[in-house]
Structure formats: C-alpha cells, structure tokens
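For reference, the structure discussed in these notes is given below.
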Amino acid sequence: MGQEPSICEEQVYNQVYRTHAESLRNYLYYKFGDMQRAEDIVHDSFVKLWSKCSSVLYNKVAGFLYKMARNLMIDTLRNKKVALKFERGLMLVQENEDPYFKLRTKEFRLKLETVISNLPEKQREAFLMNRIDKLTYKEIALRLEVSETAIEKRISKALIKLNNISEIKDFSI
C-alpha cells in the first residue's frame, strides 16, 4: 500500500486547487449569493490549506476546504442577511422577435430570480447545486453533511415554490 501524497508538495497542492477551486467557489456563491466574496474566500481557504498542509490528510482535503471556506464566509457575513444575486446572462434574441414576448420573458425571469432568491437558504443551496452544478442528491448530501432524504425534501419544496410561478395570476401586463 503506497504512501498518501503530501499536500505540502507543490504539484499535489496545485492539483488539489485545480480539482476543487471552481466547485468550492460555486458552493459559496450558491450558499451566500456573492460571487466576488466567494472567490476571495476560495483564495483565503487555499492560503490556509497551504499554511496547514502538513496537518491535513490528502483524502480529507475536500472536507477541510469546504469547512474552512464555509467558516470564513460566515465570519465575513456575521449578522448580515444576504439575498442571492444572479449574474444576468445575455439572451440570444432574434431581432425580429415580438417585443411583447421579450417583455413577458423578462418579467418571468425576474419573477423566477425573485422566487429563487427568496427560497430558504438550505432549499436554494440544494436546488442550485442540483440544477446548476448537476450534482446528484447523494453528492449534495455528502458536501452538506446531511442525509439524502433531507436533500430530496429541500429540492422538492423548492420545486413546489417554483411551480407556483406559472400559476401567478398577475403575470399579465
């Protein structure tokens, strides 16, 4: 049985960064709603990992990073309630498209974003990890350290709230 790689080796550390940085950033963004702060916290988490590299086991590095990042983010957001903000993606729209359709699409997107940002944090986090990162319920449960059943319930409740968008009566202009 071979020896476990050391995080203190630059090559191993760089591989850990390439493997976990993006998903860690997405996790923080989905959980707290601030992309810039998420990127900063990922950077800080990897700095802390480097400073503690000799005490972190290679097979526990993901858990260490997620726990460190979450704690750092909570420290920076203490006593603040953060609403999720979405990056506005550009919609490719044909120039001859009906302006009424464009307006209704924009209204629907705003309502959708509002509903998602108003979901309870745990529901929003699980829903976005599933829909955007394409993580399975099991993968989400492992990352959040809860049962798969809890993730199923969170996503189910989020979907129920999102389904109510299509039933909104005041959607017309």
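Counting begins at 1 with the first residue of the sequence.
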Identify the two heavy atoms, one from Glu139 and one from Leu135, that lie closest to each other, and give their separation to 0.1 Å. OE1-CA, 3.2 Å
Is there a path of hydrophobic side-chain contacts, each under 4.5 Å between heavy atoms, that joins Tyr30 and Val146? yes
I'd like to check Pro5 versus Gln15 (side-chain heavy atoms, cut-off strictly below 4.5 Å). Are they in contact? no
Report yes if some heavy atom in the side chain of Ser51 is under 4.5 Å from a heavy atom in the side chain of Val47; otherwise report no. no
For Ile7 and Val12, which heavy atoms make the closest approach, and how far apart are they? CA-CG1, 4.1 Å
Out of curiosity, does Ile132 fall in the hydrophobic cluster containing Leu142 (side-chain heavy atoms, cut-off under 4.5 Å, transitive links)? no
Side-chain donor/acceptor of Tyr66 to backbone N/O of Leu144, under 3.5 Å: no
Within 6.0 Å of CD in Glu22, more than 12 heavy atoms from elsewhere: no
Got a second to check how far Leu49's CG is from Ser55's OG, nearest 0.5 Å? 9.0 Å
Do Phe64 and Leu57 come close enough that some side-chain heavy atom pair is under 4.5 Å? no
From CD1 (Ile140) to CD (Glu125), nearest 0.5 Å: 9.0 Å
Taking the side chain as C-beta and beyond, is there a heavy-atom pair between Leu72 and Lys48 under 4.5 Å? yes
What closest approach, in Å, do Asp133 and Asn26 show between heavy atoms, and which atom pair accounts for it? OD1-ND2, 3.3 Å
CZ-CD distance between Arg154 and Glu121, expressed to the nearest 0.5 angstrom: 9.0 Å
For the NZ atom of Lys122 and the NZ atom of Lys157, what is their distance to the nearest 0.5 Å? 11.0 Å
Rounded distance (nearest 0.5 Å) linking atom NZ of Lys60 with atom CD of Glu4: 9.5 Å
Using a cut-off of 6.0 Å, state whether more than 12 heavy atoms not belonging to Tyr137 lie near its atom OH. yes
Could you tell me whether the side chains of Ser117 and Glu113 share a donor-acceptor contact shorter than 3.5 Å? no
Here the pair of heavy atoms bringing Tyr29 nearest to Met35 is CD1-N, 3.5 Å
From Arg124 atom CZ to Asn118 atom CG, the distance as rounded to the nearest 0.5 Å: 9.0 Å
Is Tyr17 atom OH crowded by more than 12 heavy atoms from other residues, nucleotides or ligands, each under 6.0 Å away? no
Under the side chain to side chain contact (heavy atoms under 4.5 Å, CB included) criterion, do Arg131 and Leu159 qualify, and how do the steps go? CA-CA 11 Å; Arg131 297 299 194 226; Leu159 287 171; 3.2 Å; yes
Nearest heavy-atom approach of Ile155 to Ala126 is CD1-O, 3.7 Å
For the residue pair Val115 and Lys161, what are the closest heavy atoms and their distance? CG1-O, 4.0 Å
Just wondering, do Leu65 and Val16 contact through their side chains at under 4.5 Å, heavy atoms? yes
